[in-house]
Every structure is written in C-alpha cells, then in structure tokens.
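Worksheet for the structure shown next.
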Amino acid sequence: MVIFQKAVRQVAKLRLALSGPSGSGKTYSALLIASGIVPMEKVAVIDTENGSANLYANLGMYSVLTLHPPYTPKKYIEAIRAAEQEGFELVIIDSLSHAWNGEGGLLEQKDKATDAKYKGNGWAAWREVTPEYNKLIETMLNSPCHIIATMRAKTEYMQDDSNGRKRIVKVGAAPIQRDGIEYEFTVVFDLSIDHVATVNKDRTRLFDGQYFVPTPDVGKTLKQWLDAGEPAPAPQPVPVAAAQSVPQASVPQQAPQPSASSQPVQPAPQSAVPVQPVQPAAASAAPVQPQPSPPIDTQSDVYLMELLKFVWTKGGWQPDQLPDYASKRWGKPFDQITASEVYALTNEICQYIHVDRRALEAEFQQTHIPF
C-alpha cells in the first residue's frame, strides 16, 4: 500500500501579513497589494481601526465591514464567513491585533477567566481561550479567499545617525499578536515608518533581501506565483454502488464527473428567515395568524454539519460514508473537524455534483429547519 505521494505544486491562496508601527501605512499597503491580485470590487475589508479603511476609497470600489468592541475571535470568524458567502475573493483583516489585545480580545478574556474562574491560575485560563484563537487561525487558513492581515507592531525608538546628524526615529518590533503568528502566513512584510517593506518571512522567495514600497505590482507578482501550479483536485467521494455489498433492485445514483474548476462555489447570501407554508384554517375556526419563524444561525456548528449531511445525500452517497470520507479529506477524526472545514467541504461537494450551493441551502432550510 502506497502512503507517500509525489509532491505536486498546486494553485494556492495568499496568506500575507503586514506588520508595522502606527503610521507605517499598513492599511494603504494592503489595499495596493490587493488591487494587483483581484479587482477591487472583489475586496472586502474587516476594519477594526476606527474606519481607516474608508479613507482610501479613491483606490477602488472595495467593501468595508467595521467591527466594534468587543473584538472577540467569533466576530472575526463571522466576518470572514460573511465575506465568503457574499462572493468576495480577497479579505483584508485590518487589524488582527485587536483580536489579541483589543477590548474583548483574547488577552482580556484570559485575564477575566483567571480572576473569576481559575483563582489566579493563568495557565488554566489559557486552556479555555486558546481554542478560540485556534478557531480564528483555522478559519483564515481554510478560507477560499486570499487573506491579507495587518498587525500593529510594538513601537520602539532608536537613534539614527545615517544622515550625518543624530535623530530619534520610531521603529516597529514584534507584532502585537500571539508569539509565533508568523508561522501561519506564507509571506510576512515588516513596514517601517517610511513605508518601506522588508521581508520577515517569504516562502515564495520572490522578495528575499529586498527593500521596497508596496505597490499593485507586488500583488501582481504574488498572483503569478500563486497561480503557477496545478488546479487543486476535486473531491472523489465513493458512490453508493461501490459501497453496497448486496445488489439493490433500484439503480443507485452515480456521482457526476468533477468539474474542471478547482475553486469552490461561492454561495449567495441567504435570508435569515426561511419562508414557512401557512396551513389553511378550519372553516369554523378563526383565521390563524402565521407565527414568525425564529432566526437561523447559519454559522453555527450544528447548522453547518446538518447542511453538509444534506448535500452529501444529494450527491447520492450513504450518510454513514460521510465520516470516513471527511476524516480522510482533512486527515483527522471526524469529531475534530472544524466548522470552517465543514463549510469548505460543503462547497467542494456542491462543485463536484454541479449544483449551486445557494439552491441546495434554500431547499435545506425549507425542509430541515428546525432540526
């Protein structure tokens, strides 16, 4: 049995971080780089910097979602998924630092848990908040969108003698985020107060040793590198006929051939409340007023998993085959698969069976809500 496979370079999505002190141009640089990767109409900005993203609206018709305190990881996750559902292709998170040390961020949550629940035991409190951090990182890494995240840098001051006279300049040190955040990105640029980028990390090897001011050309260069690979393979679920040991009287549905496109189908926004049929009242009774349906949390773990099961059966496969397939797809036990991985898998299967996710989700809400 062959376990190892030959390495194959595949088309990839950008995971870029920009770190710098106040005034280094993180937001502006992120927008310039984004403009070289996708049309600006396909750019969504998650703004925690008091509306700073709106200052550069002259760059193009990008869209902005402003987050307000508390800056919980859940808010970031919901914003990223909303951008995916609305069909954006690149998401700028400006800034990721607020999820760490902003009001309601992970550090504040950890401090509150330490005092209120763990009697001063900070290590125990970390066990509670770390999973929330991990969910945010997994959502970014598994998103079908390109991701550019800005991070504030710890500010330090140093003496500069380069121009023949002494002056004090502001420089950025480590990013304000959890230690090791750089490992999660493909490329990390550090920006100086003069808006010059240097390379902190670069898996592309395109910018090693360079000093440059970010422009749309940087995005174009990254785009060429990201697209220089084979399309990601479509999922290959096992059809019902191959799994059944006892012949059936009826002919099982065969799985269609995978489509040529490797990109997951982007769903259209769904109505928060499905339309419920109104039952006719008895002739002798007073007219019955329809009861409003409760709002549906389309981002909950339960909703996403039930939708995945529904889409799976629409493809003609047995429900009991799903856990084994999903475990092999993500390389982990089925009960450890995250909500973002469930979401991505649902998109892949919709693409595989050539059905628009929007239509299937509308049918699902009509027939399976409440669960």
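Computed over heavy atoms, backbone and side chain alike; hydrogens, waters and symmetry mates excluded.
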Candidate pair Trp312 and Tyr325, rule ring-ring contact (aromatic ring centres under 6.0 Å, His included), full reasoning
CA-CA 11 Å; Trp312 177 264; Tyr325 171 76; 5.3 Å; yes

| query | How far apart are the C-alpha atoms of Arg81 and Glu84, what are their side-chain angles, what is the distance that settles it, and do they pass the side-chain contact (heavy atoms from CB on, under 4.5 Å) test? | reply | CA-CA 5 Å; Arg81 289 180 179 165; Glu84 295 169 355; 4.1 Å; yes

For this session: Check the pair Met305, Phe334 against side-chain contact (heavy atoms from CB on, under 4.5 Å), reporting the backbone distance first and the verdict last.
Result: CA-CA 11 Å; Met305 179 58 71; Phe334 184 62; 3.8 Å; yes

*Please step through side-chain contact (heavy atoms from CB on, under 4.5 Å) for the pair Asn134 and Thr338, ending with a clear verdict.*
CA-CA 10 Å; Asn134 292 338; Thr338 66; over 6 Å; no

Point to revise | Thr221/Phe207 under side-chain contact (heavy atoms from CB on, under 4.5 Å): CA gap, chis, key distance, verdict | key: CA-CA 10 Å; Thr221 301; Phe207 307 97; 4.2 Å; yes

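The shortest side-chain heavy-atom distance between Asp217 and Lys220 falls under the 4.5 Å cut-off. The closest side-chain heavy-atom distance from Leu31 to Val45 is below 4.5 Å. Contact annotation: the side chain of Ile353 approaches that of Leu360 to within less than 4.5 Å [non-hydrogen atoms, C-beta and beyond]. Residues Ile337 and Lys332 meet the side-chain proximity criterion, which asks for heavy atoms closer than 4.5 Å. No side-chain heavy atom of Gln224 sits less than 4.5 Å from a side-chain heavy atom of Leu206. Looking at Phe189 and Phe212, their side chains come closer than 4.5 Å, going by heavy atoms from C-beta outward. Put simply, the side chain of Pro73 does not reach to within 4.5 Å of the side chain of Lys135, judged on heavy atoms. Taking the side chain as every heavy atom from C-beta outward, His98 and Leu67 never approach each other to under 4.5 Å.
Between the Tyr62 side chain and the Ser35 main chain, no donor and acceptor come within less than 3.5 Å of each other. Between the side chain of Ser143 and the backbone N or O of Thr139, no donor-acceptor pair lies under 3.5 Å. Looking only at distances, no side-chain donor or acceptor of His195 sits under 3.5 Å from a matching main-chain atom of Val213. Judged purely by atom type and a 3.5 angstrom limit, Glu108 has no side-chain atom pairing as donor or acceptor with the backbone of Asn101. Gln336 places no side-chain N or O within 3.5 Å of a backbone atom of Pro333 that could act as its donor or acceptor partner.
The aromatic rings of Phe364 and Phe310 lie tilted to each other, with the angle between the two planes from 30° to 60°.
Applying the 6.0 Å contact sphere to NZ of Lys328 captures no more than 12 heavy atoms from other residues, nucleotides or ligands. Heavy atoms of other residues, nucleotides or ligands lying less than 6.0 angstrom from CZ of Arg205 number 12 at most. Counting non-hydrogen atoms of neighbouring residues, nucleotides and ligands closer than 6.0 angstrom, the OH atom of Tyr28 reaches no more than 12 such neighbours. Few gaps surround NZ on Lys201; more than 12 heavy atoms of other groups in view lie less than 6.0 Å from it.
To the nearest 0.5 angstrom, Asn142 atom CG is 10.5 Å from Ile147 atom CD1. A distance of 7.0 Å separates CG in Leu226 from NZ in Lys223, rounded to the nearest 0.5 Å. Residue Cys350 holds its SG atom at 7.0 Å from CG of Leu307, rounded to the nearest 0.5 Å. Within the model, atoms NZ of Lys13 and CG of Leu141 stand 14.5 Å from one another, a figure rounded to the nearest 0.5 Å. Atom CD1 of Ile77 sits about 9.5 Å away from atom CD1 of Ile137, to the nearest 0.5 Å. The structure places CG of Asp47 at 9.5 Å from OG of Ser95, a figure rounded to the nearest 0.5 Å.
In this structure, a donor-acceptor pair under 3.5 Å is present between the side chains of Thr150 and Asp94. In this model, a donor atom of one side chain and an acceptor atom of the other lie less than 3.5 Å apart for Glu361 and Tyr303. Using a 3.5 Å distance cut-off with no hydrogens or angles, the side chains of Thr72 and Glu132 do not pair a donor with an acceptor.
Pairing each heavy atom of Met140 with each of Phe185, the nearest pair is CE-CZ, 4.4 Å. When all heavy atoms of His68 and Lys75 are compared, the closest pair comes out as O-NZ, 2.7 Å. Contact record, Ala153 with Ser19: CB-OG, 3.7 Å, taken as the closest heavy-atom pair. Between Leu191 and Ala197, the closest heavy-atom pair is CD2-CB, 3.6 Å. Closest of all the heavy-atom pairs between Pro319 and Pro323 is O-CD, 3.5 Å. Residues Val43 and Ala34 approach most closely at CG2-CB, 4.1 Å, considering heavy atoms.
Partner Tyr118 forms a side chain to side chain donor-acceptor pair (under 3.5 Å) with one of Arg127, Glu128, Lys110 and no other, that one being Glu128.
Residues Leu16 and Val196 do not share a hydrophobic cluster, defined by chaining ILVMFWY side chains whose heavy atoms lie under 4.5 Å apart.
For the pair Lys26 and Glu49, the salt-bridge criterion is not met [side-chain N within less than 4.0 Å of a carboxylate O]. Contact check on Glu306 versus Lys309 returns a salt bridge, with a Lys/Arg side-chain nitrogen under 4.0 Å from an Asp/Glu carboxylate oxygen.
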